[in-house]
Each structure stands twice: as C-alpha cells, then as structure tokens.
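Since the structure comes first, as structure tokens, the remarks are kept for the end.
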Amino acid sequence: MTEILFIGRDDDAEAAVLAALDGSTYSVHRVRTVAAASALLAEQRFDALIIDFDDAGAGAGTGPGGGPGFDLAQLLGLFLFVPTIALMDDFTPEMVVQLVQFGAQDSLVKSELGNERLTVSIQCAISRAHMAHYDSLTGLPNRALLFDRLTHAINQSRRYDHELAVLFIDLDRFKFVNDTMGHEAGDMVLKTVASRIRECLRESDTVARLGGDEFIALVTNLDAAVSAATVASKIVESVSRPIMIGGNGATISASIGIALFPDDAESADDLMRLSDAAMYQAKQIGGEGYQFYRPDMNSSALRRIGLGVALQRAIRHDEFELHYQPQIDLNNGEIVGLEALVRWNHPERGMIPPDQFIPLAEELGLMTPLGNLILGLACNQIAEWQRLEMPVLRVAVNLSAHQFNQDDLLEHVQDWIDKTGVDAALLEVELTESSIMQDPEAAAGILGRLSDAGVRVTIDDFGTGYSSLAYLKRFPLDALKIDRSFVRDVTHDASDGAIVRTVIALAQHLGLQVVAEGVETEEQLEFLRANSCQFAQGFYFSPPVPADEVFGVIARLERQNLRPAVDEMRLGA
Ligand code: C2E
Ligand code: CA
Ligand code: CA
C-alpha cells in the first residue's frame, strides 16, 4: 500500500485526488494545514505528499499559497525527505523551476488530476526522491537522509523519554580486499555487509551508508532487551563471516563506535562525531569489535580524527616534500650522501615536522601509502638531479617499523627504481633497530633481498634499541648511525663518550661504516675524529634543506673545505 498525504483545504481537489488513485494500492490521508502535516509526519511515514499550493501557506491564516509572505523554501524544507508533488490551479514556468529547486519532485495543475497523470507523477516523485536520498550501490539511505532520520529520532526519543544509539561502523581491511580482489568484488562485499547489518536491526531502525566502507546504524527505542552492545556484537559477528565471491572467500571485519542519546550527546552532529571517535578507538585496539564513547576520548581521539582526516587528504593531494641533509666523509671533507627527511606542507599550518605525523600515520594504518609516496619522492628527485646532470649523490630514506614489516615493501622499492630508472646503489634505507629486531628471522630475509637489489641498508638511531649482536653479524648491513642523543653529550658525559667509542669499535669489527648524526659543535666533531668515526651529519654542517638548496649547501661546504687539517675554520660564521 502506498501511503499518500494530501495537504490542503480544497475539498474538490481532495476528491479529485481520491478519484484518480486506485483505492486498493493507494491509501490517502488528508490534513488541512502545513502545521498539521508536520505534526503527523513526525509520527508516521508517508510515501509521498501532495501539497495544494493554492492554500498550503494558509496554515496560519496568512492567505493563499503563492501570495505575499509565503516562503516556498521553508515549506518544502519541512518535507525535504518525503517525495512531494505540488498542486495548483496554474503554474508559471518560474514557479515550476523554483519548486524543483526547493525540493519538490513534480508539479501538477489541478485540471490534470482526473487522468493517469497523478499515478505517474507519484511514481516519478518516489523514484526521484529515492535516487537523491539513497545510496545506489547498497540501496541504503545516504548521509543526507540519515541526518533527517537521526534528527527525527532524537525528537521522538526526547518526547517519549527513550534512549537511542548511533553505531558508527567502519570495515577493517576493506581497502585490502578492494585492492587485491578488484572493485567488483569490493562492491559485492559492501552490498553483502549492508544487508548483513540490516538483518541485525529491527525494521524501524535505520542503516545508512556514509560512503566508502562507512555505515551508520541508528538503534532507536533502546531497552534492556535491545541494548546497543547486543546489536553491536551481533553486527561484528555477522560481518566477520566469510563472504563468498566467485568461489573465493573474502574475510572482512567491522570496528564499531557507539554514542548514546541523551547520555553522550543530544544533537545529531555530536552523536555522529562522538561515535566516530569511539570507532577510531575500536580500530586502535585492533579492530573487529566495538567501543562505547568515553569522555576521555575527547581530547586525544578527537584531535587525532581531525588530523587523521587531514592526513588522508594530504596523502591524496601530495602535500609532502623531502628535505635533504648532507653526510660528510670526515677523512676528506667530501659529501657522500644525503638523508631525506619528510615534511608535511600543510595548506594552513605550514611545514609540519615528521614527529608530529609519522606516529599518527602509523597508528591509522596510513604509513604504507605515505611511505610509498616518500620513496617515490626520493627516487624522482634522484632521477631529476641526474637529468639536470648534477653530481650524483646517494639518498637515504627512513623506513618506519610498520613499513619495513609490510609484505609489499620490496615490491614498492623495486617499482620506484624501475619507474624512475635510478641506480639502486643510489638508494639507501634507514631502519631502526627495533623494526628489524621485532622478527629477526623475517628481517634477515627482507634485508637480504634489499641488499640483493643493490639498495644500501643502514641501522638508524643505533644504541637506543636492543640489538642482538648475533643477528647484527648475520644481517647484510652497510652502516650504523650513532643516535644523536649520544653525540649530543659526547664531550661532557663520560658514559656517552664511551658508548660512542664502543659503537665505532663495534661497527669496525662488523665491517660496517659508522655515521654520527646530530653533530652540532666543533668539539663533537673533534671527538668523533679522534675516535675514528668516518662519517657525520648534523647542523654543524647543514640542517636539512629543500631540494633546490642542496647544491648551494654542497658548494658552500666544499668552499669551506672540511678536511681535518683545516677543520678549525668555523662553518656558517
Ligand atoms: P632521524 O631519522 O633520526 O632524523 C634525524 C633528525 O634529526 C631529523 O629531524 C633532523 O632534522 C634532525 N637533525 C639533524 N641534524 C641535527 C642536529 O645537528 N641537531 C639536532 N638536534 N637535530 C638534528 P626531523 O627531520 O624532524 O625527523 C625526525 C624523525 O622523523 C627522523 O629521525 C625519523 O625518525 C622520522 N622521519 C623523518 N622523515 C621520515 C620519513 O620519510 N619516513 C619515516 N618513516 N620517518 C621519517
Ligand atoms: Ca634517519
Ligand atoms: Ca636517527
């Protein structure tokens, strides 16, 4: 049965509507005023509205519709989410355009009511409204309709003193399925998940798709029997069941964040925001589960969401650039290579240093795309310098632990080498001790393949982690970098001095080069030289600089001649 609400005072028009519609498929309600209609719509759902515009504005006795003071936009705004047909004795073309702009799906002159035109108009209005308010892939309400339903549900809950829950559902590993099995498979997964979530809820609850792999379930009328947690765990369980696609099983799971009305928030916007924060929390603790919103998520989680969203956008829009810091051979003063250090060139906040976004990227699982982007920037820069016939320098790229342990690291490295045509020997990767000691056996394999590919491997921040010397000996490494915290105090802290000397000796013993980082003063440089540290980098020579300043810095360093005999010349002075 298609439920129609007729709004208007004109009895003849109502009679014409009733006559035009077959009573076995259409049931027509009638109210006389807009006020009565909006009260009724708060209680009951209609499939379509027919508004008699000749007097629809007359609800408050202000005279006929279309007359002075009649606000079309406001009137239609009230019924934005219900398919609406405007009825009038006569329409000017301008009015028809305006009606459509404000959200009416169709308009009819009353003289046309008597024939089939009305049923066609109703069907068109319903399907047009459907296209505008539902997601075409899953058939679920979209974000706009969800907000309308949520606002409506909040009003109902307030009136009847009920609780309601907003469940923010985000799929884990969806991107992986989409990337590895293809977009058609991805679509299948989304459709299947949509119907599984739908099955976990009552008819009266709303499930919407926000876009991508994000869904919202709106659970109204909560009581002991239907608790938000029960629904959430049902969804988690149901989504986790394998999904068969063309004979293959895809496994996916859901992370859910829950915010409650009125306990956590009372507005639609806030409920959405808080459930989103709780969802992030659920992801952080491993996904495939649910979390209730807690006020202490506010500061940290919410701030992170803001930055996390910006970070995703930044990756899409290539807002990153590399700065380069030269490495000097202390024996002859020559520049032997550059370390590439990433900066986020944020459109509003300016340059953001890596410490402020690398850990976040790791946490949000964005390190793979970001790391790959960084590798690309470095390889492209090397190729660019080669094209410009600049002196060829090795570039070291930092790899995070997460990146190192990704299956496709080697593939990415090789891809960039092939794509840019750079010599693999010009690429170096810096890894921390902890990232290779997490799983030394696996690390040995990856390091071996990097080294087979011709890529240099250096252990970064050496001395801050716990390296097993037995493994260090077995890994195909090229260099150790002494962490700058030891270099900093090397001249006035005896134990730091001893650590630096030990690392240098260890490196020599293992046949590795040794690089001191964070060299800021001449005294530090002296100490390093006196203890046979061959390579150094730090502010004493140059801070990291943008690509177009690199050769200017190198020229300056060469003019200053850093060979040991003349190292008393103060640089930058
Ligand atoms: P790191 O690999 O130990 O990099 C050296 C850091 O020390 C850089 O900070 C550099 O600017 C800074 N530095 C260089 N010389 C001196 C000096 O003489 N004195 C002092 N006090 N500092 C000096 P930055 O660029 O802020 O990078 C910080 C950390 O962020 C890096 O530490 C690295 O762990 C990470 N990072 C930077 N770029 C990337 C990247 O592309 N990928 C990944 N995964 N991590 C990166
Ligand atoms: Ca480094
Ligand atoms: Ca370092």
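One-based numbering, in listed order, for ligands and for the atoms of each.
For Glu184, the CD atom counts as loosely surrounded, since its 6.0 Å shell holds 12 or fewer non-hydrogen atoms of other residues, nucleotides or ligands. For Glu237, the CD atom sits in a loose shell: 12 or fewer heavy atoms of surrounding residues, nucleotides or ligands are nearer than 6.0 Å. More than 12 heavy atoms of other residues, nucleotides or ligands lie within 6.0 Å of CZ in Arg343, so this atom counts as buried by the packing criterion. The number of heavy-atom neighbours closer than 6.0 Å to CG of Asp548, taken from other residues, nucleotides and ligands shown, is above 12. Atom NE2 of His492 has more than 12 heavy atoms from other residues, nucleotides or ligands within 6.0 Å.
Using a distance-only test at 3.5 Å, with no hydrogens or angles considered, a donor-acceptor pair links the side chain of Arg209 to the main chain of Gly212. Under a 3.5 Å cut-off, the side chain of Asp264 and the backbone N or O of Ala259 do not form any donor-acceptor pair.
Taking backbone and side-chain atoms together, Thr458 has no N/O/S atom less than 3.0 Å away from the Ca ion (ligand 2).
Between Phe539 and ligand 1, at least one N/O pair is under 3.5 Å apart. Taking distance alone, with nitrogen or oxygen atoms compared against 3.5 Å, Glu520 approaches ligand 1 more closely than that limit.
Using modelled atom types and a 3.5 Å distance limit, the side chains of Gln560 and Arg556 yield a donor-acceptor pair. A donor-acceptor pair shorter than 3.5 Å cannot be found between the side chains of Asp461 and Thr464.
Residue contacts with ligand 1 do not include His323, since none of its heavy atoms lies under 4.0 Å from the ligand. Using 4.0 Å as the threshold, Arg343 has a heavy atom nearer than that to some atom of ligand 1. Judged by the shortest distance from any of its heavy atoms, Gln537 lies outside the 4.0 Å radius around the atoms of ligand 1.
Counting heavy atoms under 4.0 Å from ligand 1, residue Ile358 touches it through the side chain alone. At a 4.0 Å heavy-atom cut-off, ligand 1 touches Pro544 through the side chain alone. Looking at Val397 against ligand 1, nothing comes within 4.0 Å, counting heavy atoms. Contact annotation for Val342 and ligand 1: heavy atoms of both the backbone and the side chain come within less than 4.0 Å of the ligand.
Residue Ile374 has at least one heavy-atom neighbour below 4.0 Å for each of these atoms of ligand 1: 40 (C), 41 (O), 42 (N). Shown in contact with Asp461 at under 4.0 Å from a heavy atom are these atoms of ligand 1, numbered in order with element: 3 (O). Near Gln325, the atoms of ligand 1 lying under 4.0 angstrom from a non-hydrogen atom of the residue are 14 (C), 15 (N). Those atoms of ligand 1 that come under 4.0 Å of a heavy atom in Ser400, given as number and element, are 44 (N). Those atoms of ligand 1 that come under 4.0 Å of a heavy atom in Glu339, given as number and element, are 2 (O), 4 (O). Taking every heavy atom of Met367 and a limit of under 4.0 angstrom, the matching atoms of ligand 1 come to 44 (N).
When the Ca ion (ligand 2) is compared with the N/O/S atoms of Glu430, atom OE1 turns out nearest.
Here the Ca ion (ligand 2) is the vertex; the OE2 atom in Glu339 and the OD2 atom in Asp460 give an angle of 170° (to 10°).
Selection from Pro354, Ser542, Pro543 by nearest heavy atom to atom 27 (O) of ligand 1 gives Pro354.
Ring geometry, Phe551 versus Trp385: the interplanar angle exceeds 60°, so the pair is classed perpendicular (tilted spans 30 to 60°). Between Tyr290 and Phe292, the ring planes are perpendicular. Angles over 60° get that label, and only those under 30° would be called parallel.
Annotation: the span from Asp213 atom CG to Leu171 atom CG amounts to 4.5 Å, rounded to 0.5 Å.
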